[in-house]
2 protein chains.
Amino acid sequence: MEKTIGRMSLYRRLLLDIEKRGASHVYSHELARVAGIGAAQVRRDLMTMGFSGSPSKGYHVADLIGHIGTAIDPPEQQRVALVGVGNLGRAILAYFHGRRPKLAIVAAFDDDSAKVDKVVHGCRCHPLRAMSEIVPALDITVGIITVPAESAQDIADRLVNLDIKGILNFAPAALRVPPGVFVDTMDITTALEKVAYFARKGR
Amino acid sequence: MEKTIGRMSLYRRLLLDIEKRGASHVYSHELARVAGIGAAQVRRDLMTMGFSGSPSKGYHVADLIGHIGTAIDPPEQQRVALVGVGNLGRAILAYFHGRRPKLAIVAAFDDDSAKVDKVVHGCRCHPLRAMSEIVPALDITVGIITVPAESAQDIADRLVNLDIKGILNFAPAALRVPPGVFVDTMDITTALEKVAYFARKGR
DNA sequence: TGAGCGATGTGATTCAATTCACAATGTGTA
DNA sequence: TACACATTGTGAATTGAATCACATCGCTCA
Ligand SMILES: NC(=O)c1ccc[n+]([C@@H]2O[C@H](COP(=O)([O-])OP(=O)(O)OC[C@H]3O[C@@H](n4cnc5c(N)ncnc54)[C@H](O)[C@@H]3O)[C@@H](O)[C@H]2O)c1
Ligand SMILES: NC(=O)c1ccc[n+]([C@@H]2O[C@H](COP(=O)([O-])OP(=O)(O)OC[C@H]3O[C@@H](n4cnc5c(N)ncnc54)[C@H](O)[C@@H]3O)[C@@H](O)[C@H]2O)c1
């Protein structure tokens with residue numbers, strides 16, 4: 001069901017578009033077309049999440065958007081820390097700044113003294129050593145790791161010790177975390193190599 | 001088998017580390033441990049790719065690195081174009097600059113005249129209109145899309161028309177491409193929402 | 001030399017995700 | 001009213017990935 005959750009976020013974006021175009025209902029096959037997947041998949045996902053439509057009108061767009069929100073959005077603001085204010089870290093800070101009130105990056109950390117204490121895209125960059133104070137104080141539950149691979153496990157361990165429950169990791173390293181902590185690793189290099197491979201070999 | 005190809009890139013990085021530490025052989029369970037997966041998975045992957053080890057010594061590290069290279073690396077340089085020199089695009093250009101001689105980002109494109117004709121991390125940023133000339137001239141086969149979602153399908157269409165065979169897409173949009181073109185979409189927002197969701201709900 | 005150990009390679013199995021296929025249902029039409 | 005149609009909801013079938021389980025082999029050591 002992890003896959004389904006991932007697609008909910010996509011569905012919502014598409015539904016907001018559809019709503020903007022003035023449609024009040026969508027059929028599974030319409031949503032499927034814009035999502036680039038099959039209609040049965042869409043119906044199955046919505047069923048899994050406990051939504052339902054009408055065989056004649058399809059799914060009510062505004063309703064569905066609301067339901068997805070209550071299903072996947074945090075009920076109150078959920079706070080995120082980013083560790084490693086390098087090129088990628090800054091791009092992420094810029095992108096999320098002010099965009100999601102319910103899911104906000106509220107602190108950044110780096111061990112490079114040239115970056116510490118600067119405000120980057122609306123987010124203060126703290127020294128690494130301040131983590132153990134700031135993370136609990138702000139009740140941060142999610143971490144984004146954008147440090148070099150060698151440091152990634154160390155940072156993950158610290159975050160876990162500070163009771164963080166989810167990590168989005170961009171370092172090309174397989175993180176070991178205790179059960180109860182959810183990790184998703186986005187390995188851009190591997191993704192590019194895979195695309196290059198299939199661009200050459202097909203399929 | 002797409003998943004296996006993805007892991008090969010990871011295995012190689014880990015093997016290079018292991019080699020650096022002076023070990024000449026690895027057992028499947030050792031590689032599995034550092035990769036964060038099961039030993040059977042590792043053996044299955046290596047088998048799928050046609051590699052084999054010895055029951056007594058395990059897999060020969062240097063050999064394996066070489067074999068993975070011939071299996072997944074381009075035999076000669078494969079060239080990549082990046083479209084959308086924004087925050088994320090620049091981070092990617094910085095990261096790959098000079099890192100992979102065999103897989104090089106050799107051209108960038110943007111429609112913002114303030115960016116055009118500047119050299120960003122060793123890569124010249126061309127006006128969008130130059131794409132139809134430069135992509136064939138440099139024999140570029142892979143595209144990276146880092147433009148806003150509204151423009152992503154348009155850029156994908158152009159790239160496909162210029163005979164590109166693989167796209168790594170960072171825009172939160174499902175791209176429609178003809179068969180024979182491989183697309184991988186890395187949706188950072190969705191990934192973060194998923195992590196946040198499981199951080200709250202567990203599993 | 002040969003028994004025991006610890007690995008590989010792989011058929012069989014399990015598990016999860018996706019897709020198929022169709023009964024049930026509401027709608028529009030004559 | 002009754003019929004034809006398009007769509008939902010969902011069990012069943014399919015596909016594909018991950019895992020199990022074990023026959024087999026090379027090494028070590030008595
Ligand atoms: N930028 C990309 O396109 C790209 C592509 C593939 C992988 N990655 C991975 O993403 C990660 C970040 O990439 P980047 O391009 O931003 O690198 P970068 O070198 O620009 O940034 C790394 C940042 O982490 C900080 N840092 C280093 N060690 C630290 C530590 N122990 N604690 C806290 N901060 C520390 C550095 O001061 C720096 O600010 C790396 O693991 C990289 O391999 C990035
Ligand atoms: N930066 C992130 O962390 C992040 C997170 C989630 C998603 N994304 C997605 O990645 C993409 C890029 O993000 P970003 O933060 O770099 O955005 P950005 O606004 O910094 O950069 C976008 C760049 O694309 C250029 N551009 C716009 N339309 C274009 C067109 N039609 N042709 C060519 N160039 C065009 C702009 O001039 C700009 O340089 C977006 O689709 C965004 O939704 C980024």
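Predicted model, so just to flag it, every value in this text is computed and none were measured. Order of the sequence lines fixes the chain letters, A, B, ..., with proteins taken first and strands second; residue numbering starts at 1 for each chain.
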When you get a sec, tell me which of dT18(C), dT7(D), dA7(C) is the closest nucleotide to the side chain of Arg7(A)? dT18(C)
What is the distance, to the nearest angstrom, from the CE atom on Met47(B) to the C1' atom on dA23(D)? 15 Å
Between dG26(C) (P) and Tyr27(A) (OH): distance, integer Å: 14 Å
Gap between atoms CD1 and C1', on Ile37(A) and dT18(C) respectively (whole Å): 10 Å
Whole Å only: how far is the NE2 atom of His25(B) from the P atom of dG6(C)? 19 Å
Starting at CZ of Arg43(A) and ending at C1' of dA17(C), how long is that distance when rounded to a whole Å? 16 Å
Closest listed nucleotide, where the reference is the side chain of Tyr59(A) and the choices are dG9(D), dG9(C), dC20(D): dG9(D)
Considering only heavy side-chain atoms of Pro55(B), the closest of dC20(D), dG9(D), dT8(C) is dT8(C)
Least distance between heavy atoms, Gly86(A) atom then Asp110(A) atom: N-OD2, 4.3 Å
Tell me what Thr4(A) touches on the nucleic acid: a base, only sugar-phosphate, or nothing, going by heavy atoms under 4.0 Å. nothing
Between the side chains of Tyr11(B) and Asp45(B), does any donor sit under 3.5 Å from an acceptor? yes
Arg90(B) side-chain N/O to Val85(B) backbone N/O, donor-acceptor pair under 3.5 Å: yes
Side chain of Ser56(B) only, please: which of dC27(D), dT8(D), dT10(C) is the nearest? dC27(D)
Ranking Lys3(A) and Lys57(A) by the position along DNA chain C of their nearest nucleotide, the one closer to 5' is Lys3(A)
Provide, to the nearest angstrom, the distance between the CG atom belonging to Asp45(A) and the C1' atom belonging to dT18(C). 10 Å
So, His60(A) versus His25(A), ring centres under 6.0 angstrom or not? yes
Side-chain contact check for Gln41(B): nearest option of dG9(C), dA18(D), dT10(D) is dA18(D)
Separation of atom CG in Leu31(B) from atom C1' in dA7(C), rounded to whole Å: 14 Å
If you draw the axis of the six-membered ring of Phe198(A), does the NZ or CZ of Arg200(A) fall within 45° of it and under 6.0 Å from the ring centre? no
For dT8(C) and Ser54(B) - does any side-chain N or O of the residue sit under 4.0 Å from the phosphate oxygens OP1/OP2? no
Does the dT19(C) base have a donor-acceptor partner in the side chain of Arg44(A) within less than 3.5 Å? yes
Side chain of His29(A), heavy atoms from C-beta onward: which of dT10(D), dG9(C), dT7(D) has the nearest atom to it? dT7(D)
In whole angstrom, give the distance that lies between atom CG of Leu46(B) and atom C1' of dT19(D). 16 Å
